[in-house]
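Each remark here refers to the structure printed beneath this line.
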Amino acid sequence: MSLAGKLAQERRARLAAERLLEMKQAELSAANRKLGLHAMALTKRIGETQAEVETVRGENEKVKSDLTVANAKIEVAERRLWHSIQTIQDGFAFFDEEGRLIGANAAYLSVFDGLEEVAPGVTYPRLLEILTTEGLVDIGSETASSWCDRLLKRWAVPHPQPEVIRLWNGHYIKLIDQRGHGGDVVSLALNITASVRHEAELTAARERAEAANRAKSAFLANMSHEIRTPMNGIVGMTELMSETPLDEEQRLYLNTIRNSGEALLVIINDVLDYSKIEADKLTLHPEQFDFERCILEVAMLLQPSVRDKGLTLLVDYDLFLPTLFVGDPGRVRQVLTNLVGNAVKFTSEGHVLIRVTGVPNPDTQSCDVHVAIEDTGIGIDEDKIGHIFGEFNQVEDERNRAFEGTGLGLAITKRLITLMGGSIWVESDPGQGSCFGFRVSLPTAEGPQPVPPDLDGRLRHVMIVEDLAANRAILSKQLGRLGSQVTVCASGREALAALDESVDLLLCDHDLPDMDGLELAVTLRDRGWGDLPLVVMSANPGVIHAHPARHLIEGVLQKPIPRAELYARLMALDRSQRPDTFSEDIPVNDRPNRAALDESPRKMRVLAAEDNRTNQLILRKMLKDLDIELRFASDGAEAVQVYREFQPDLIFMDISMPKMDGKQATSEIRRREIDTGRHVPIVALTAHAMAGDDQGILSAGLDHYLTKPLQKQKIHQIILTHRPEECSPAIAEDSQSE
Ligand code: ADP
C-alpha cells in the first residue's frame with residue numbers, strides 16, 4: 001500500500017477513534033450529570049433525615065424529662081396516699097387475687113402486734129387462723145374452725161357482706177371488703193366500738209323508758225278496770241232509781257248523775273283500751289267469724305242514736321263477697337264501732353253508709369276486705385286531717401266543740417288495724433261529710449258462705465220504693481246484679497203511678513214521706529193489687545209486726561238488711577205464693593202473726609243466768625214492764641237445767657259465775673241443741689267492755705254480748721228483736737219507741 005493510502009487509512013482510523021471517543025465522552029458526561037443529580041437528591045434526603053433525627057432526639061429528650069417529672073409526681077402521690085392510709089384510725093389492707101397481703105396500714109397491723117409473720121405475703125386464711133390461735137378475736141361460743149370457715153366463706157363470695165367481730169380488748173371491728181376486677185381485695189376494718197356502746201346505751205335507755213311506760217299503762221289499765229266496776233253499779237242504780245217516783249228536781253239530778261256516769265265509763269273504756277295497747281297486753285285472738293253479722297250488730301247497737309238524730313244507717317255489703325272470715329271479731333267490732341260511732345256523732349242530718357267490698361285471693365284463701373264509712377256530717381278541715389289519728393287529738397273548732405270524746409278512738413282504731421296488718425285512711429270535704437276507710441286482709445273461713453240466690457227468671461221486675469237516694473242506689477245495684485229489672489220510686493204515690501203488670505215484687509221502705517209501707521199495702525189491696533207481693537223494710541220492725549195490716553204484706557226486712565235475709569226473702573217469693581201461704585225459708589220472725597189467730601198467744605220465755613243478787617235485781621226491775629215470762633238461774637249448771645225444763649226463747653248469760661261459767665253453760669246448751677235442732681239466742685252479759693277480755697265469748701256459741709252496766713233500752717231492744725212471732729207482744733205498742 002502506498003503511503004498516501006496508509007496515511008488516508010490512518011486518518012480514517014484516527015477519525016473513527018476520535019468519533020468513538022467523542023461518543024464515549026458524551027455518554028460519560030450524561031452519566032456524570034445523572035450521577036450529579038442523584039448525589040444532589042441523596043444529599044437532600046440525608047439533610048432531611050438528619051433534621052428528622054434531630055427532632056426525634058429532641059422529643060425523646062422531652063419525653064424522658066416528662067417521664068421523670070411524672071414518676072416524681074407518682075412517687076409523691078403514692079407517698080401521700082400511703083401516709084394518709086397510715087394516719088387513718090381504722091385498719092386498711094389490700095390483698096392480691098390469691099389472697100396474699102400486699103400492704104396494710106399500721107392500724108390494721110397493730111392487731112397483730114409483735115407477730116412477724118404478719119407482713120406482705122401472708123395469706124388471708126392464715127390471718128384468720130392467727131386471730132383465733134393467738135386469741136386476738138372473741139369468737140363467743142363458736143369453735144375456732146367454724147369461725148374461720150364462716151369468715152372464709154364470706155370472703156370467697158364476689159361481694160362479701162360486712163361482718164362485725166369483737167377483739168380480745170372489747171373493741172368492735174366492722175370488716176368491709178371490696179373485690180376489684182382483677183381479684184384484688186381492699187379491706188377496711190372500721191373500729192365501731194363507740195357507736196356499738198352508744199347503741200347499747202340507747203337500747204337500754206329505751207327499754208327502761210318502755211318498761212316505765214308499760215308499768216304506767218298497766219297501772220292505768222288496772223285503775224280503769226277498778227273504777228269501772230263501781231261505776232257500773234252507780235249507773236245501773238240510777239237507771240233503776242229513775243223508774244221510782246221522783247219530783248222534777250230529783251229527776252234532773254239523777255239524769256245528771258247517770259249521764260255523767262255513762263260519759264265517765266266511755267272515757268274509762270277508752271283509757272283502758274289505749275293503756276292495754278301501750279302496755280303490750282293487747283293481742284289479737286283470731287277465730288272464725290261472720291263479718292257481715294259483725295257490721296249489722298254494730299249497726300244495731302248504734303241504731304238508737306241514729307234514730308234519735310233522724311239519720312239513716314245503711315249497709316252496702318258486696319253481694320258476692322264472702323262473709324265468713326278468720327279474724328278477731330271483738331277487735332273488728334271495736335274498729336267499726338269507733339268509726340261508725342264517730343260518723344253518727346259528727347253527722348246531724350243525712351245518712352251514714354257502711355260500704356264493704358273486697359278482692360278475694362283464691363291462691364292464699366284470703367280476701368282483701370275494704371270497708372268505707374261515709375257520712376254526710378261536718379267533715380274535717382284539711383289542715384286537721386293529718387292529726388286526727390294521733391292520741392288525744394280532736395279537731396277543735398266552733399263546729400265540733402259540742403261533741404264529747406277522749407280523742408283516743410281513732411288512735412286506738414289505727415293501732416288495732418295496724419295490729420291486723422291493715423291500713424286506714426280518711427278523706428273529707430268540710431261541711432259535706434267524711435269517709436273513713438280501712439283495708440285488712442283476712443283469711444276466708446271454711447264454713448259455707450252465703451251464696452247469692454239463683455232467681456231463675458222469677459222476680460224479673462222489682463219495684464223499689466224508698467225516699468233515701470243512697471238506699472235506692474244500694475238496693476237497685478244488688479237486685480240488678482241478681483238479674484232483675486229494677487224500677488225505683490221515691491214515694492208511695494210515685495210507686496202507685498208507675499206500677500204495672502210486669503212488676504213481680506214491691507220492696508218498700510216503711511217510712512215514706514207520703515205514706516208508710518202498710519198504708520201502701522192497704523191502698524194496693526183497695527186498688528186491686530192485693531196479689532202483688534210487698535216486702536216492707538224498716539229499721540224498727542217491731543212496730544210493723546204488731547200492726548193490724550201486717551197480714552197484707554209478704555214480710556218485713558230489718559234495715560240495714562242482712563244479705564242472708566234478703567236472699568231468703570227473695571228465694572221464698574214466687575208469684576204463686578200468697579201472703580197467707582208461707583215458705584219455711586222465711587225466717588220465723590217474719591211470718592205473719594199466726595198467733596193472732598190463736599186464742600191466747602203464749603208469753604215470750606226469757607232465762608237470765610246471773611249469780612249476783614244486785615244484778616238480778618237490776619235485771620228484774622228493768623224487765624218488769626215487759627209482758628214476758630222471766631226465770632233466773634244462779635249459776636251455769638242451773639242455767640242448763642232451767643233451759644231444759646223452761647225451753648226459753650232467749651237467754652241472758654252472765655259470763656263469770658260459780659260452778660259452771662257462762663261460756664261452759666252455753667257450750668253445754670249448744671251441745672244439747674244438736675239433738676233438738678232448735679237454736680236459742682244467747683246474749684252474754686259481761687263486765688268486760690274489751691274484746692280482749694271477752695275472748696272466746698262469741699266463739700263459745702254466744703250470739704251477742706252486752707256490756708255492763710246494763711241498759712234498759714238495749715235489753716228491751718234485744719228482747720223485741722228475738723220475740724218469736726207466736727208470742728204475745730212483749731211490750732205495749734205505744735211504749736215501743738221508748
Ligand atoms: P273522739 O273521742 O273525740 O271522737 P276520735 O279519736 O274518735 O276521738 O276522733 C278524733 C277527732 O277526729 C274527733 O274529735 C273529731 O274532731 C274528728 N273526727 C273523727 N271522725 C269524724 C267524722 N266522721 N266527721 C268529722 N270529724 C271526725
Side-chain angles (χ1 to χ4, degrees), residues 217 220 224 228 259-278 282 295 298-299 301-303 305-306 308-316 331-356 370-419 422-438 470 689-691 707:
S217 301
L220 258 181
S224 334
R228 204 172 46 182
N259 292 343
S260 312
E262 279 172 354
L264 192 55
L265 272 173
V266 171
I267 297 172
I268 290 169
N269 282 337
D270 267 2
V271 172
L272 180 55
D273 252 8
Y274 192 75
S275 35
K276 273 213 156 190
I277 295 178
E278 285 283 280
L282 195 135
I295 290 175
V298 170
L301 202 78
L302 294 168
Q303 201 63 49
S305 359
V306 170
D308 288 352
K309 297 182 84 172
L311 304 173
T312 310
L313 182 57
L314 302 164
V315 177
D316 180 9
R331 294 301 171 186
V332 170
R333 204 176 287 116
Q334 190 178 1
V335 164
L336 289 166
T337 311
N338 276 344
L339 296 179
V340 184
N342 273 351
V344 173
K345 182 158 82 172
F346 295 106
T347 304
S348 56
E349 60 183 45
H351 68 261
V352 171
L353 167 60
I354 311 171
R355 201 189 291 284
V356 188
H370 292 243
V371 183
I373 292 117
E374 292 171 23
D375 65 51
T376 51
I378 59 171
I380 306 162
D381 286 335
E382 209 176 325
D383 55 331
K384 309 275 171 37
I385 221 159
H387 310 296
I388 56 169
F389 289 109
E391 297 85 22
F392 308 106
N393 275 341
Q394 291 172 299
V395 175
E396 275 279 344
D397 63 25
E398 55 287 347
R399 281 181 307 144
N400 67 1
R401 204 163 286 157
F403 299 102
E404 289 175 346
T406 54
L408 277 176
L410 288 178
I412 294 170
T413 301
K414 185 170 182 190
R415 285 181 177 230
L416 289 178
I417 288 175
T418 310
L419 212 60
S423 51
I424 182 166
W425 62 91
V426 57
E427 284 164 14
S428 189
D429 201 354
Q432 303 297 311
S434 312
C435 177
F436 282 79
F438 70 89
M690 285 200 50
T707 48

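Counting convention: from 1, in listed order, for ligands and their atoms alike. As the structure is a computational prediction, the values presented were derived from the model and not from experiment.
The G379 neighbourhood of ligand 1 comprises atoms 25 (C), with distances under 4.0 Å to a heavy atom of that residue. Annotation for ligand 1: atoms under 4.0 Å from non-hydrogen atoms of I388 are 12 (O). Heavy-atom proximity to F436, at under 4.0 Å, picks out these atoms of ligand 1: 19 (C), 20 (N), 21 (C), 22 (C), 23 (N). Contact atoms of ligand 1 toward A343: 23 (N) (distance under 4.0 Å to a heavy atom of the residue). Using a 4.0 Å cut-off to heavy atoms of L410, the atoms of ligand 1 that qualify are 5 (P), 6 (O), 7 (O), 9 (O), 10 (C), 12 (O), 19 (C).
Between S423 and I417, the closest heavy-atom pair is N-CG2, 3.5 Å.
Looking at T376, I380, N338 and measuring to atom 25 (C) of ligand 1, the nearest heavy atom belongs to I380.
To the nearest 0.5 Å, the span separating OG on S434 from CD1 on I373 amounts to 11.5 Å. Note: N338 CG to K345 NZ = 9.0 Å, rounded to the nearest 0.5 Å. Between the CZ atom of F436 and the CZ atom of F389 there is a distance of 5.5 Å, given to the nearest 0.5 Å.
Each of L336, L313, L339 was compared with V298 under the side chain to side chain contact (heavy atoms under 4.5 Å, CB included) criterion, and only L336 meets it. Considering T347, D375, T376, L302 in turn, T347 is the only one that fulfils the side chain to side chain contact (heavy atoms under 4.5 Å, CB included) rule with L311.
With a 4.0 Å heavy-atom cut-off, ligand 1 is reached by the side chain of D375 but not by its N, CA, C or O.
The shortest heavy-atom distance from S434 to ligand 1 is under 4.0 Å. For the ligand labelled ligand 1, residue K345 lies inside the 4.0 Å heavy-atom shell.
Between the side chain of K309 and the backbone N or O of V344 there is at least one donor-acceptor pair closer than 3.5 Å.
Geometrically, ligand 1 and A411 share no nitrogen or oxygen pair separated by less than 3.5 Å.
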